[in-house]
Amino acid sequence: GWTSQWAVLVIGMLLSAGASIAIRNLLGHPLLLQKQVDRQAHAHMQLNEVYKETIERISDGFASVDKQGLVQLCNQQMAKLFECQVNDLINKPLFDVMPDFDKSPLGKAIASSIKSGKAQTLPVQRKGDLKWFDVSLYPGAHGISIFAKDITKEEEALRLLELTNQVARIGGWEYLPHENRLHLSSTASDLLQLTDSQLSLDELSVYFGERTGEITDALKKLQNAKGHFDIEIPIVKQKNKPFWVKIIAETTQDNRSGNRILGTLQDIQSRMLYQEKMADTAQQYRNLFDLTPVPMWTFDARTFKIIAANSAAGKEYGYEQAELVGRPISQMFSPGVFSQFLKQLTTQSSKAIISEHRRKNGQLMYVEMYFTEIENEKNKAYVLLARDITERLNNMRAIESQNQRLREIAWMQSHKVRAPLARILAIAQLVEPEYFDPNHDKHLIDEICKSAHELDQILMEIVQRTENNSK
């Protein structure tokens, strides 16, 4: 029992200390020996209780297993991982307590660490409630220490992240420099159309062609210094059509394995196609702006400086197209007109405005303007279209002048011609034979001649006005 065991223990301790006299005294006094053994047994029990209390205070699971596989120490958390009680494990072979444990990933890892003497860490899922544990194995000369931390919440978060990444088409990867190889998640493998989860750096050129060097150079820099990189690059091995992905990598610090290079591979094909479509649309609008035969500008609503001008504006106003950019829009107006235009900006955006503009050589011209407000990349701006209507206005003025002269001719015909003509008609009646007396009515002939000359002058004036109107 306890007495004989502790007697051997105490004797061994005393022998190792070279206390032969004390041994002879103890052997000669059995009661004294019994008391000494009892004290040692009590101290040992107290020490065991301290060990138990200490390992139970560890929030993670803990167990100590010797070279033969016997469990020497174990707390409740570790027992839960093994799905049994502490008493079921203490002083019992671990591989005998749980059937087929030696075939499980954890069992294989423990056996491997004991044999190789190398520490390792692995995730383990408990069958009962599917909880996840991060298990670390630390082998030593007399056995192995096992620590297990509940990472169920972290694992669920990772699984949710993985599902989210699958929906968002974002895959993860890790670069292992000593292997010169990338370890890929399932989503990353799918994006590269790989059946394997590993890819050597030498194989990258198959997928990224001439731009492979950008990736390999960036990875080499991360090996030597902490940092990150961000590359948008097409995968060329996609049925001869580029498939765009975004590669992000960063150096992280891991307490167990030191620096790690982790990254993501994201599908950005939709965004790149959208950007390409937007670029095409923007080019179409630029072409519409540049190729429009009517002068057009965009100018800043705050500084009133020209942001862009089409070629027609430069040609019409006598400037090189590049000269107009940055120039105040007020220089396109004749003196004193721009202030009036500023008032019209807030009141007549949908109406045509007639204004007087000035070319580079100082020549004035009349234009018909249309403008609208737009949102520029930085602030508000205006688009202004100005059509030269000088010739049209001149033609309208000529027509108006002609119409005025025609109105004057019509008035002369209706008023001036009528008076002498009426007199001639009246006198003509008086000179009829039955009424005419040559001795007394000779003055009537004079009146007829006078009215005829007056009518002739009026007709000549009308003819002259008509000729002037046709010029």
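Every heavy atom of this structure was used, including side-chain atoms; hydrogens, water molecules and symmetry mates were not.
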Exercise for the section: Check Leu191, Thr264, Asp267 against Ile170 for a side-chain contact (heavy atoms from CB on, under 4.5 Å) and give me the one that passes. Expected result: Thr264

Problem - Passing candidate, side-chain contact (heavy atoms from CB on, under 4.5 Å) with Tyr382, options Leu345, Thr298, Ile374, Ile329 - result: Leu345

Handout entry: Within-4.5 Å side-chain heavy-atom neighbours: Ile114 and Lys67
Key = yes

Handout entry: Spacing of CG belonging to Asp190 relative to CG belonging to Leu184, to within rounding of 0.5 Å
Key = 10.5 Å

Problem - Straight-line distance of Met332 CE to Met365 CE, nearest 0.5 Å - result: 9.0 Å

Practice task
Indicate the ring-plane relationship of Trp297 and His357, choosing parallel, tilted or perpendicular according to the 30° and 60° boundaries.
Solution key: tilted

Handout entry: Pair Gln284, Thr281: side-chain N/O donor-acceptor within cut-off below 3.5 Å
Key = no

Fill in the blank from the handout: CD of Gln266 to CH2 of Trp244, rounded to nearest 0.5 Å, is 14.0 Å

Exercise for the section: Could you walk me through whether Leu199 and Leu192 pass side chain to side chain contact (heavy atoms under 4.5 Å, CB included), step by step? Expected result: CA-CA 10 Å; Leu199 181 69; Leu192 294 174; 4.0 Å; yes

Handout entry: Least distance between heavy atoms, Val206 atom then Val236 atom
Key = O-CG2, 3.7 Å

Exercise for the section: Find the distance between CG (Leu182) and OG (Ser197) and round it off to the nearest 0.5 Å. Expected result: 11.0 Å

Exercise for the section: Check whether any side-chain heavy atom of Ile261 sits under 4.5 Å from a side-chain heavy atom of Trp173, and report yes or no. Expected result: yes

Practice task
Give a yes or no on whether the ring-centroid distance for Phe371 and Phe299 is below 6.0 angstrom.
Solution key: no

Practice task
Show your working on salt bridge (Lys or Arg N to Asp or Glu O under 4.0 Å) between Glu250 and Lys226 and close with a plain yes or no.
Solution key: CA-CA 8 Å; Glu250 185 171 357; Lys226 189 174 182 180; over 6 Å; no

Practice task
Check the pair Glu232 / Ile268 against side chain to side chain contact (heavy atoms under 4.5 Å, CB included), numbers first and verdict last.
Solution key: CA-CA 8 Å; Glu232 292 184 350; Ile268 59 169; 3.9 Å; yes

Practice task
Answer yes or no: is there an ion pair linking Glu316 with Arg387, defined by an N-O contact shorter than 4.0 Å?
Solution key: no

Practice task
Working to the nearest 0.5 Å, report the span between NZ of Lys277 and CG of Asp280.
Solution key: 9.5 Å

Practice task
Just grab all the side chain to side chain donor-acceptor pair (under 3.5 Å) pairs involving residues 103-116, residues at least two apart or on different chains.
Solution key: Ser113-Gln120

Exercise for the section: Would you name the heavy atoms of Leu364 and Ser334 that are closest together and state the gap between them? Expected result: CD2-CB, 3.6 Å

Practice task
Answer yes when Asp388 and Arg359 have at least one side-chain N-carboxylate O distance shorter than 4.0 Å, and no when they do not.
Solution key: yes

Problem - Identified side-chain contact (heavy atoms from CB on, under 4.5 Å) counterpart of Ile247 within the set Leu219, Ile233, Asp230 - result: Ile233

Completion exercise
Between Met296 and Val383 the two heavy atoms that sit nearest each other are CE-CG1, 3.8 Å

Problem - CG-CD distance between Leu262 and Glu174, expressed to the nearest 0.5 angstrom - result: 5.0 Å

Exercise for the section: Any chance you could lay out the side chain to side chain contact (heavy atoms under 4.5 Å, CB included) test for Leu222 and Phe229, step after step, and finish with the verdict? Expected result: CA-CA 9 Å; Leu222 289 186; Phe229 70 80; 3.6 Å; yes

Exercise for the section: Might you point out which heavy atoms bring Glu214 and Ile231 nearest each other, and give the distance in Å? Expected result: O-CD1, 3.8 Å

Handout entry: Non-hydrogen side-chain atoms of Arg392 and Glu368 separated by less than 4.5 Å
Key = yes

Problem - Sole residue of Leu385, Ile353, Ile389, Ile354 in side-chain contact (heavy atoms from CB on, under 4.5 Å) with Met369 - result: Ile353

Practice task
Mark yes or no: Arg358 above the aromatic ring of Phe338, with NZ or CZ under 6.0 Å from the six-membered ring centre and no more than 45 degrees from the axis.
Solution key: no

Practice task
Go through the structure and list residues passing side-chain contact (heavy atoms from CB on, under 4.5 Å) with Asp150, not counting sequence neighbours.
Solution key: Lys131, Phe133, Thr152

Completion exercise
Heavy atoms of Ala79 and Cys74 approach each other most closely as N-SG, 3.9 Å

Handout entry: Derivation of the side chain to side chain contact (heavy atoms under 4.5 Å, CB included) call for Leu70 and Asn91
Key = CA-CA 5 Å; Leu70 293 176; Asn91 293 324; 5.9 Å; no

Exercise for the section: Check Gln223 against Pro177 and note the closest heavy-atom contact, atom names and distance. Expected result: OE1-CB, 3.6 Å

